[in-house]
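Side-chain atoms are counted along with the backbone in the values below, which use heavy atoms only and exclude waters and symmetry mates. Nothing fancy with the numbering, it's 1 onward along the sequence. As the structure is a prediction and not an experimental result, all values here were calculated from the model.
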Amino acid sequence: MPRARAFSVHGQDETPSRGRRVTASSFEAAALVFLEAHHPDADGDEISLLIEDCGSGERQCFRIDLATGETTPCD
(Lines give C-alpha, C1' and ligand atoms only; values in the text may rest on other atoms or scores of the structure.)
Protein backbone atom coordinates (compact mmCIF):
# COMPACT_ATOMS: atom_id res chain seq x y z
CA MET A 1 0.00 0.00 0.00
CA PRO A 2 1.45 3.40 -0.99
CA ARG A 3 2.28 5.69 1.89
CA ALA A 4 0.37 8.92 2.40
CA ARG A 5 1.97 12.15 1.20
CA ALA A 6 1.07 15.83 1.42
CA PHE A 7 -0.49 17.46 -1.65
CA SER A 8 -1.67 20.98 -2.41
CA VAL A 9 -4.91 21.05 -4.43
CA HIS A 10 -6.77 23.93 -6.09
CA GLY A 11 -9.14 24.53 -8.96
CA GLN A 12 -7.55 24.82 -12.40
CA ASP A 13 -8.77 28.42 -12.74
CA GLU A 14 -7.63 29.45 -9.25
CA THR A 15 -4.24 30.69 -8.15
CA PRO A 16 -1.97 28.29 -6.22
CA SER A 17 -2.35 30.47 -3.12
CA ARG A 18 -5.98 29.24 -2.94
CA GLY A 19 -4.76 25.65 -2.64
CA ARG A 20 -5.60 23.40 0.29
CA ARG A 21 -3.21 20.88 1.76
CA VAL A 22 -4.49 17.30 1.91
CA THR A 23 -2.89 13.98 2.77
CA ALA A 24 -3.41 11.07 0.37
CA SER A 25 -1.64 8.11 -1.23
CA SER A 26 -1.83 9.36 -4.85
CA PHE A 27 -2.66 12.37 -6.99
CA GLU A 28 -6.09 10.94 -7.82
CA ALA A 29 -6.83 10.20 -4.17
CA ALA A 30 -5.75 13.75 -3.23
CA ALA A 31 -8.26 15.18 -5.72
CA LEU A 32 -11.09 13.11 -4.24
CA VAL A 33 -10.08 13.92 -0.63
CA PHE A 34 -10.11 17.62 -1.56
CA LEU A 35 -13.59 17.35 -3.10
CA GLU A 36 -15.00 15.54 -0.08
CA ALA A 37 -13.50 17.99 2.42
CA HIS A 38 -13.92 21.34 0.68
CA HIS A 39 -16.87 21.00 -1.74
CA PRO A 40 -15.67 23.59 -4.30
CA ASP A 41 -18.21 25.26 -6.58
CA ALA A 42 -18.53 23.77 -10.05
CA ASP A 43 -20.34 25.21 -13.04
CA GLY A 44 -21.26 21.84 -14.53
CA ASP A 45 -20.98 18.11 -14.15
CA GLU A 46 -17.22 18.09 -13.68
CA ILE A 47 -14.40 20.07 -12.12
CA SER A 48 -10.72 20.36 -13.01
CA LEU A 49 -8.18 20.37 -10.19
CA LEU A 50 -4.43 20.96 -10.11
CA ILE A 51 -2.62 18.75 -7.62
CA GLU A 52 0.98 19.30 -6.50
CA ASP A 53 3.03 16.83 -4.49
CA CYS A 54 4.42 19.01 -1.69
CA GLY A 55 7.54 16.85 -1.37
CA SER A 56 8.64 16.47 -4.99
CA GLY A 57 6.92 19.48 -6.60
CA GLU A 58 5.41 17.23 -9.30
CA ARG A 59 2.10 18.56 -10.62
CA GLN A 60 -0.82 16.83 -12.27
CA CYS A 61 -4.23 18.02 -13.42
CA PHE A 62 -7.40 15.93 -13.25
CA ARG A 63 -10.99 16.37 -14.37
CA ILE A 64 -13.40 14.78 -11.91
CA ASP A 65 -16.92 13.71 -12.84
CA LEU A 66 -18.95 15.00 -9.89
CA ALA A 67 -21.64 12.33 -10.27
CA THR A 68 -19.35 9.29 -10.38
CA GLY A 69 -16.03 10.47 -8.90
CA GLU A 70 -14.21 9.20 -12.01
CA THR A 71 -10.93 11.00 -12.64
CA THR A 72 -9.27 11.62 -16.01
CA PRO A 73 -6.18 13.68 -16.87
CA CYS A 74 -6.82 17.23 -18.08
CA ASP A 75 -6.23 17.84 -21.79
- Single-linkage hydrophobic cluster, 4.5 Å side-chain cutoff, V9 and L66 together: yes
- Item | Test side chain to side chain donor-acceptor pair (under 3.5 Å) applied to R59 - qualifying residues, sequence neighbours left out | E52
Atom pairs and distances, side-chain donor-acceptor, residues 25-37, under 3.5 Å, sequence neighbours left out:
residue : atom : partner : partner atom : Å
S26     : OG   : A29     : N            : 3.1

- Query: What distance do S48 atom OG and I64 atom CD1 have between them, rounded to the nearest 0.5 Å?
  - Reply: 7.0 Å
- Message: Please report the interatomic distance NE2(H10) to CZ(R18), rounded to the nearest 0.5 Å.
- Response: 11.0 Å
- Nearest heavy-atom neighbours spanning C74 and Q12: SG-OE1, 4.4 Å
- Item | side chain to side chain donor-acceptor pair (under 3.5 Å) against S56, all qualifying residues, sequence neighbours excluded | none
- Listed partners of T68 passing side chain to side chain contact (heavy atoms under 4.5 Å, CB included), at least two apart: D65, E70
- Query: Listed by chain and number, what are the side chain to side chain donor-acceptor pair (under 3.5 Å) partners of E58, not counting sequence neighbours?
  - Reply: Q60
- Message: Rounded to the nearest 0.5 Å, what separates atom CG in L50 from atom OG1 in T15?
- Response: 11.0 Å
- Interatomic distance, T23 atom OG1 to R3 atom CZ [nearest 0.5 angstrom]: 11.0 Å
- Note on the structure: With sequence neighbours left out, the residues meeting disulfide (SG to SG under 2.5 Å) with C54 are none
